[in-house]
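Just dropping this structure here.
Residue numbering restarts at 1 for every chain, and letters A, B, ... go by the order of the sequence lines.
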Amino acid sequence: MSGGARLENANPLIFQRTGERLLTASEEDEDVADPIDDREIFDILLTPNYSYDPEHPLSLEELNVVEQVRVKVNDEESTVSVEFTPTIPHCSMATLIGLSVKVKLLRSLPARFKIDVHITPGTHVSEDAVNKQLADKERVAAALENSQLLEVVNQCLSTRPA
Amino acid sequence: MAADSIRLLDLVGDFVTGQVDSKATDVANGVKSGQFSILQLVEALGLSLTSSESQTRGRGVQLLSQVLEECYTSLSEREVEVLVAFYENRLKDHYAITPHVLHGLKALAKCTVLPKGSAVSILKSLFQDVHVQSHGLANEFDCIPNHAELKGLGPDFVFGFVQAVDGERDPRNLLLAFQIARNIIHRGYNLSQFTEELFEVTSCYFPIDFTPVCRILTSFPSFLLPLIIEKLDSDMQNAKVDSLQTLAACASVYGHKELSDFLPSLWSSIRREVFQTASESVESAGLSALRALTSCLCRSVLTSNSEDSLHVFLDLVLKDCQHHLCEPDLKLVWPSAKLLQAASGASYRASLIVTAVVLPTLLEQYSSRTQVLQGDTAVPTYTHMLVFNWVNWPALPMPCAGVLAQPDVEMAVDHLSRLVLEEHDAKVSLAVAECAGSLSRLHPAPFASRMIPKLKQEIFSGSSKPNVSYPTVREDDFDLLPGQSRDAGRQRCIMALASVSTQPSLVRESAPVLLQMLAAAHTGMSCWSVDIPEFDRLLGQLEELSCTSTHPFSYTSAAKCFAGLINKRAAGCCFSISVFSLMSDCLLASQAADCFELLMSDSPDVLNRSCHADVRIMYRQRFFAENSGKIVQGFNCAEQGKKSVYLKALSHIVNNLPRQVQLTELPSLLPVLLEALSCPDQVVQLSTLCCLQPALLDPPPALSTQLEALFSRLLPLTASPSMKVRIASLRCVHALSQLPEHMVLPFRAQVLRALASPLDDKKRLVRKEAVLARGEWFLIGSPGGR
């Protein structure tokens, strides 16, 4: 998958997948507040939920989204922005991927956050349309009421147990 | 009338020849109701009583006696008189009949109308004609109430009694005989010339039957004391011990008047016994006797012109003992010291007298010695006496209390250390250890800085030091093999270490040594037997230290030492019992609960196989099985504020159990654990959560009924002030998401709501768990989810 052709664009930031985030002393200190940072958001996306369904092939991990994600978060302003680059420009999975990312963040972040998920500019033929969908709260909510869609999204957010 | 007589004859016949026992009751009833008179009965019995068959005669007498027993109250004086005469006569009859005769006599003796002189004549006949040993004279005596008459019998009675008792073997009779004798004495019978006989006859049973004899004998001081002295001379140890014990008993009863004549001889006998020190029991009996004697003398009341018997006696004692203390001959120092201590321990006054004389002597010796000789016991003796008296009589003015100045204390400690290392004599080393113990209470610092390091060095050294510094070698040195003497030396060091551990500051030093020793045991020193003397006291000290010390290292190491020692001991259960008792003490409870953690977890330095701790198979399970019930019970009974320690202990234990056991045990513990979640103590909460979580991954069926309770307690904990608690509770919530859908679906909405705020927790680690948990809960009941 990763051998496919890519459109030219700014190299997305690739967070090192290997190696867990190192624990710092301040993180264990009860009295020190840890602000939400980019890496944390990235890890949220990487951390799948467990599922007992061995058949589905659609985890974010397997979609290789993890290498394509660029994250920016501002804790004080309660904003988070995630930009992802689909591996294939015509990828019909783009909406799905975007939706999955959005749902994951919706479920994982405090309600105060404004979540912006969009395709890295110039990497997809329908990026505007997709971005518009992803930005529309009501469209997202409606999509999630679609049980089939929800199913797929849920599957994306899960993985086989280790 | 005629019918009655025929009936009576029939009854008699039935009883005597027909052997029908119940007829006697009928006859008795007849007499009582007036149907027949006694005279008629006697007439009816005529044939039987004169029969040539002894058995028939016996039956006849038996019937008569039984009737008399029932009817004696209604007899007239004349009747009694005649019957008494008859019965006395019957005493001369066949021995088989005698029991019945006695029975009848007993009944007659109870008659209030018994004529004067009858009691006397009965007794006379009894003494004369009956082989009392086999029949129990005492029974008869006891029921004869007319003591005035018997006293009148005077010496004859005593003589008769003495004759009766002489040679008696039946212990029951003996006991009764002793009782009678006591009564005789107490009721003031005139014993006159038979006093000695009475004494002899009872004393020959001494020491076989000690207590009752003793009671009698104390009434005969003039006979008893010589007897005691005589028995003390005997070769038999038992006789010696018994006489000394009797002496001690007497001394508590007598006054100084009784004793004064005998004091010199008693003292010389006691002294001889203690000096010879043939056996410990004799020695200790002797010392107690001395103490008792002194005590008795102390109680005596002084008049202006009588001499002070206490002083006189103590002068005697001091004269004989004091000079031994100064002699280089070691053998008699300790016995003398013990005697002096026994005497001075009797009372304040005695102590004053003794120490006033002894201590200056010792002090002089202590100050004047110019060289340290082997076996120099001046310092220990001195300190031992000083301390002994100090401990017993704290108000006693010490003639030279301040003499042990700091440099002298240090010298004393050095001496003591040397003695521990080199003195082979078991008694001396025991005394040294005791002395060290007492002194260490008063001056802990030199012990900590001087003795303990030396002891430590000796314990861990590989070689024993040969006794080259002193010219004389004691002959018993040759008996010890090199390995033995090394072990013996080590043993003494350990004993000394244990005995000086009297104060927290000292235990702080000694505990690590012991700990090290335990760790080193079995590694290279295969001949170690970790048999620590004064074990219980050491344990007590360690326990105290571990619980009261504020210095964390000391109490931890003390606790570990404690645990290690306990483990070595076969009966490990006593530890949990003592820990349980600690749990009820609120100050110590928390640490007691932590003890369980220590026990159950794999502490690297103590309770570990590598330390050759005795790790029994499945000890954790067993520990749990043995103790969980008690803990739960303790928890249920404890008041609110104290419940947490039990929970802590329980969670420590359960947390360290193997997984499989946890799962099997969890259902029964679930209610307690749930309650634990509501406990305000964060440590308890955390412990419980850690305990719960693995169980929730494979939940028991019992859980299904408890879910509501569980959630209601779990969810608030996600907002706990403690980060760890928040994390642990979130993990539990996460684990619960894996339960069957039908069980958890009802709670989904509630959980999702509750988990919203932990997403914004100030700590990242908490947020991480919240994300995981909430994400899983979203999937429950959702398409594409599980």
(Q) Before you tell me yes or no, could you show the steps for A:Ile36 and A:Phe113 under side chain to side chain contact (heavy atoms under 4.5 Å, CB included), namely the whole-Å CA-CA distance, both residues' side-chain angles and the distance that decides it to 0.1 Å? (A) CA-CA 11 Å; A:Ile36 301 178; A:Phe113 271 86; 3.7 Å; yes

Q | Side chain, backbone, both or neither of A:Glu28 within contact of chain B (heavy atoms, under 4.5 Å) | A | both

Q. Quick one: what part of A:Glu40 sits under 4.5 Å from any heavy atom of chain B, side chain, backbone, both or neither?
A.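 The answer is the side chain of A:Glu40.
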
Q | Close side-chain approach of B:Leu714 to B:Thr718, heavy-atom, < 4.5 Å | A | no

Q: Tell me, for B:Ser757 versus chain A, whether the close heavy atoms (under 4.5 Å) come from the side chain, the backbone, both or neither.
A: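 Contact with chain A involves no heavy atom of B:Ser757 at all.
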
Q: May I have the step-by-step check of side chain to side chain contact (heavy atoms under 4.5 Å, CB included) for A:Leu99 and A:Gln133, ending in yes or no?
A: CA-CA 9 Å; A:Leu99 192 58; A:Gln133 281 178 335; over 6 Å; no

(Q) For A:Arg39, is there an ion pair with A:Asp43 - N to carboxylate O distance below 4.0 angstrom? (A)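 Judged by the 4.0 Å cut-off on N to carboxylate O distance, A:Asp43 and A:Arg39 do form a salt bridge.
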
Q. If you count heavy-atom pairs under 4.5 Å between each of B:Lys763, B:Lys762, B:Lys724 and chain A, which one has the most?
A. B:Lys763

Q. So what's closer than 4.5 Å to chain B heavy atoms on A:Val32: side chain, backbone, both or neither?
A.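 The answer is both parts of A:Val32.
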
Q. Where on B:Pro758 is there a heavy atom nearer than 4.5 Å to chain A: the side chain, the backbone, both, or neither?
A. neither

Q.
What I want to check is whether the side chains of B:Arg726 and B:Ser720 have a donor and an acceptor closer together than 3.5 Å.
A. no

Q) Checking heavy atoms, do the side chain of A:Leu109, its backbone, both or neither come under 4.5 Å from chain B? A) backbone

Q) So which of A:Asp29, A:Val103, A:Leu23 has the largest heavy-atom pair count under 4.5 angstrom toward chain B? A)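 The residue among A:Asp29, A:Val103, A:Leu23 with the greatest pair count is A:Asp29.
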
**Q.** No-hydrogen, no-angle side-chain donor-acceptor test under 3.5 Å, B:Ser782 and A:Asn154
**A.** yes

Q: Using non-hydrogen atoms and a 4.5 Å limit, figure out which bit of A:Leu144 sits close to chain B: side chain, backbone, both or neither.
A: neither

**Q.** Residue of the set A:Val82, A:Asn74, A:Val73 for which side-chain contact (heavy atoms from CB on, under 4.5 Å) holds with A:Asp38
**A.**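 Testing A:Asp38 for a side-chain contact (heavy atoms from CB on, under 4.5 Å) against A:Val82, A:Asn74, A:Val73 leaves exactly one candidate, A:Val73.
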
